[in-house]
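Sequence lines set the chain letters: A, B, ... in the order given, protein chains first and strands last, and positions in each chain run from 1.
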Amino acid sequence: MSRNATRIGALRERIGDEILLEGWLYNRRSSGKLEFLLVRDGSGIVQCVAVKAELPEGVFARCATVTQESSVRVTGVVREDKRAPSGVEISLRDIEIVGASTDFPITPKEHGPSFLLDQRHLWIRSQRQAAVLKIRHTLVQACRDWLDADGFILADAPIFTPSACEGTTTLFETQYFDEKAYLTQSGQLYNEATAMAFGRSYCFGPTFRAEKSKTRRHLIEFWMVEPEVAFATLDDVMVLIERFVEGIVGRVLEKRREELKILERDVAPLERVRAPFPRVSYDDSARLLRGKGVPFEWGNDFGATDETVLTEGYDRPFFVHRFPAAVKAFYMKRDPGDDRLSLSCDLLAPEGYGEIVGGGEREDSLDRLVERIHEHKLPLDAFQWYLDLRRYGSVPHSGFGMGIERTLTWLCGIEHLRETIPFPRMLNRLRP
RNA sequence: UCCUGAGUAGCUCAAUGGUAGAGCAUCCGGCUGUUAACCGGAGGGUUGUAGGUUCGAAUCCUACCUCAGGAGCCA
């Protein structure tokens, strides 16, 4: 935007002034001797009114030729007007077409998801999509601000890794000069190293899972924030998670009311997000599911429908803790009270959204960790640096990972997480 | 990988064995306060691909392709 242009978001402060607007035509309606031009500039949408009787012939004629998504410079006077969609409108004095747009593919009518995703580079111009991405921006900032204020150091994990972090899921293989490398599926192992350096650390970046998952809850490339804390137990990390989630939800409510309104999100459930969150053990969850007639077997992880049934009982996020060790990663510490269980926890979002956070206490004993690596049939050599963390001043430590897109899907109250990232990477979708 | 469903105009859809249509978008005309504006007119099609059944296929059958939802797996 040029220096002398005014942003639409700031128009209320300029009532009565003649201003310059730089943006794109969102929609146009004409009524004979009137033209209504809806102009957007990324900060909002405003209606510009051209009156034939008050304008030179050429200017009014030009208004009638502006097509959807053409870029324009409009000069005019800011006025309050109840008839305008935003309550403020511009009496148009002049208009310049900067770049014409012909046959913009996304018309102001219904479209299917496949078509819209093909047009994702243009779809993000629409009001709803832009609102979701602005909330994403605020969520990311809130995560970082909250952790920074709590004494965490950002220490990002690498994206190229020599081997699996968790061994179980499918990795993207790539060439690293003369050897094979993989794209990271979690910064977890590296975070344990940085936590031993800084006490509290976190990484925030993209992760990659080459799973053939094809549901509304999966992306191939997604973002996670993963804090790790030295000397913290499972109970400590659950307190950290609930304070963190309360904080970031509060920030989104504070900064993004308008966008939540565009999305028609009922904010009442978000306003109930106050720590402490309920805690329920895996054992009790399994019993609860069976009590409701769900054919759930002890030892399994929860499926999507299991999670939905569980969330029905709560009006705020809640923890499920102490999952069977077999369904969690090798580095999870066993429950000293029951060796079948791990000191792990998931945070499930209410309203049927399900898991947004996974965390727990890590195995801090060198011998037991070596045992786990063997059990999982992982190459011991690749983990020597990780085992060093237990050789040189090992401490109890815990951490968690929060999926940004899943959290956003819940905050925005939308159906599918593909709308929460600017350019989603999914099974069968690498473009645009 | 498996299960279910869908592919017809640029987009969203109708046409259930008998002349392929509507709304929006585009173009032309009309309208001095429109709110996904409205009214009139025009152009726009190898019905996903290949084969088969039939006098006749968008429609029935077979295979394949693409997409969507779900399962498994996960954040």
Side-chain angles (χ1 to χ4, degrees), chain A residues 26-38 45-55 60 64-65 67-69 79 81-87 89 91 101-119 122-123 126-128 165-166 168-171 185-188 206-226 300-308 323 327-329 346-349 353-359 400-410 415-418 420-421 426-429:
Chain A
Y26 195 73
N27 198 4
R28 180 169 60 85
R29 291 182 279 268
S30 80
S31 185
K33 303 196 169 54
L34 288 174
E35 287 282 344
F36 299 94
L37 306 178
L38 290 169
I45 296 182
V46 71
Q47 174 167 285
C48 304
V49 185
V51 181
K52 190 174 187 180
E54 298 171 3
L55 289 169
F60 189 81
T65 67
T67 49
Q68 191 191 355
E69 287 302 324
R79 270 194 301 107
D81 195 315
K82 282 184 185 147
R83 294 168 296 184
S86 65
E89 68 178 23
S91 287
S101 158
T102 45
D103 297 328
F104 190 72
I106 303 172
T107 60
K109 286 281 172 180
E110 287 169 30
H111 299 283
S114 177
F115 172 78
L116 288 169
L117 286 166
D118 286 342
Q119 311 293 333
L122 304 174
W123 190 23
S126 75
Q127 255 194 119
R128 280 182 62 91
C165 283
E166 308 190 8
T168 51
T169 41
T170 327
L171 290 160
Q185 56 185 347
S186 164
Q188 167 59 34
T207 53
F208 308 87
R209 307 267 167 104
E211 290 159 8
K212 305 245 168 172
S213 297
K214 215 187 145 188
T215 77
R216 67 182 71 187
R217 303 159 50 74
H218 285 89
L219 288 173
I220 299 300
E221 178 182 312
F222 66 97
W223 287 65
M224 274 207 292
V225 57
E226 297 177 90
N300 288 349
D301 206 346
F302 299 124
T305 44
D306 302 326
E307 283 191 358
T308 305
F323 283 78
V327 302
K328 290 291 177 185
D346 282 1
L347 185 72
L348 305 200
Y353 283 95
E355 184 179 359
I356 55 172
V357 171
F400 69 92
M402 185 181 85
I404 295 299
E405 290 79 13
R406 282 197 180 170
T407 303
L408 272 169
T409 308
W410 163 53
E415 279 286 305
H416 203 303
L417 91 172
R418 64 191 163 201
T420 62
I421 187 165
M426 300 182 292
L427 198 62
N428 306 327
R429 192 170 287 281

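Side-chain atoms of A:E415 and base atoms of B:G69 include no donor and acceptor less than 3.5 Å apart. On a pure distance criterion of 3.5 Å, no polar donor-acceptor pair joins the side chain of A:K214 and the base of B:A71. Donor-acceptor pairing under 3.5 Å, judged by distance alone, is absent between the side chain of A:S31 and the base of B:C38. Looking at A:S213, its side chain comes within 3.5 Å of the base of B:C73 through a donor and an acceptor atom. Remark: the A:R29 side chain and the B:C31 base include no donor-acceptor N/O pair separated by less than 3.5 Å.
Between A:K214 and A:L427, the shortest heavy-atom distance links the atoms CG-CD2, 3.9 Å. For the pair A:R418 and A:L117, the tightest heavy-atom approach, listed with the atom from each and the gap, is CD-CD1, 3.6 Å.
How far CZ of A:F323 is from CG of A:N300: 12.0 Å, rounded to the nearest 0.5 Å.
Toward the 5' end of RNA chain B, the nearer of the two residues A:H111 and A:Q47, judged by each one's closest nucleotide, is A:H111. Of the two residues contacting RNA chain B, namely A:P85 and A:M426, the nearest-nucleotide position lying further toward the 5' end is that of A:P85.
For the pair A:R217 CZ and B:G70 P, the computed distance is 9 Å after rounding to whole Å.
Between B:G10 and B:U47, the two C1' atoms lie 16 Å apart (nearest whole Å). Spacing between B:A15 and B:A57 at atom C1', rounded to whole Å, works out to 13 Å. Using atom C1' as the reference point in both B:A58 and B:G21, the two lie 12 Å apart (nearest Å). With both ends at atom C1', the span from B:U49 to B:A6 equals 16 Å, rounded to whole Å. As rounded to the nearest Å, B:C31 and B:G69 have C1' atoms that lie 46 Å from one another. Taking atom P in both B:C60 and B:G7, the straight-line distance is 10 Å, to the nearest Å. Comparing the C1' positions of B:A36 and B:A50 gives a spacing of 41 Å, expressed to the nearest Å. Here the separation of B:G23 from B:C61, taken at their C1' atoms, is 34 Å to the nearest Å.
For B:U4, the paired nucleotide is B:A68, the pair qualifying as Watson-Crick or G-U wobble because both relevant distances are below 3.5 Å. Partner assigned to B:A50 is B:U62, using Watson-Crick or G-U wobble distances below 3.5 angstrom. Across all strands shown, B:C55 is found opposite B:G18 as a Watson-Crick or G-U wobble partner, with both distances under 3.5 Å. Nucleotide B:C38 forms a pair with B:G30, judged by Watson-Crick or G-U wobble geometry with both contacts under 3.5 Å. Base-pair partner of B:G10: B:C24 (Watson-Crick or G-U wobble, both distances under 3.5 Å). Partner assigned to B:G43 is none, using Watson-Crick or G-U wobble distances below 3.5 angstrom.
The side chain of A:K33 sits closest to B:U32 out of B:C27, B:U32, B:G72.
Across all strands, A:S30 comes closer than 4.0 Å to base atoms (heavy-atom distances). Using a 4.0 Å heavy-atom distance criterion, A:L34 is classed as a base contact.
A:R209 places a side-chain N or O within donor-acceptor distance of the main-chain N or O of A:Q185, the cut-off being under 3.5 Å.
Here A:F222 packs flat against the base of B:A75; its ring centre is closer than 5.5 angstrom to the base's six-membered ring, tilted by less than 30 degrees.
Side-chain contact check for A:R406 versus A:Y353: every heavy-atom pair is 4.5 Å or farther apart.
Residues A:E226 and A:S186 bring a donor and an acceptor atom of their side chains to less than 3.5 Å of each other.
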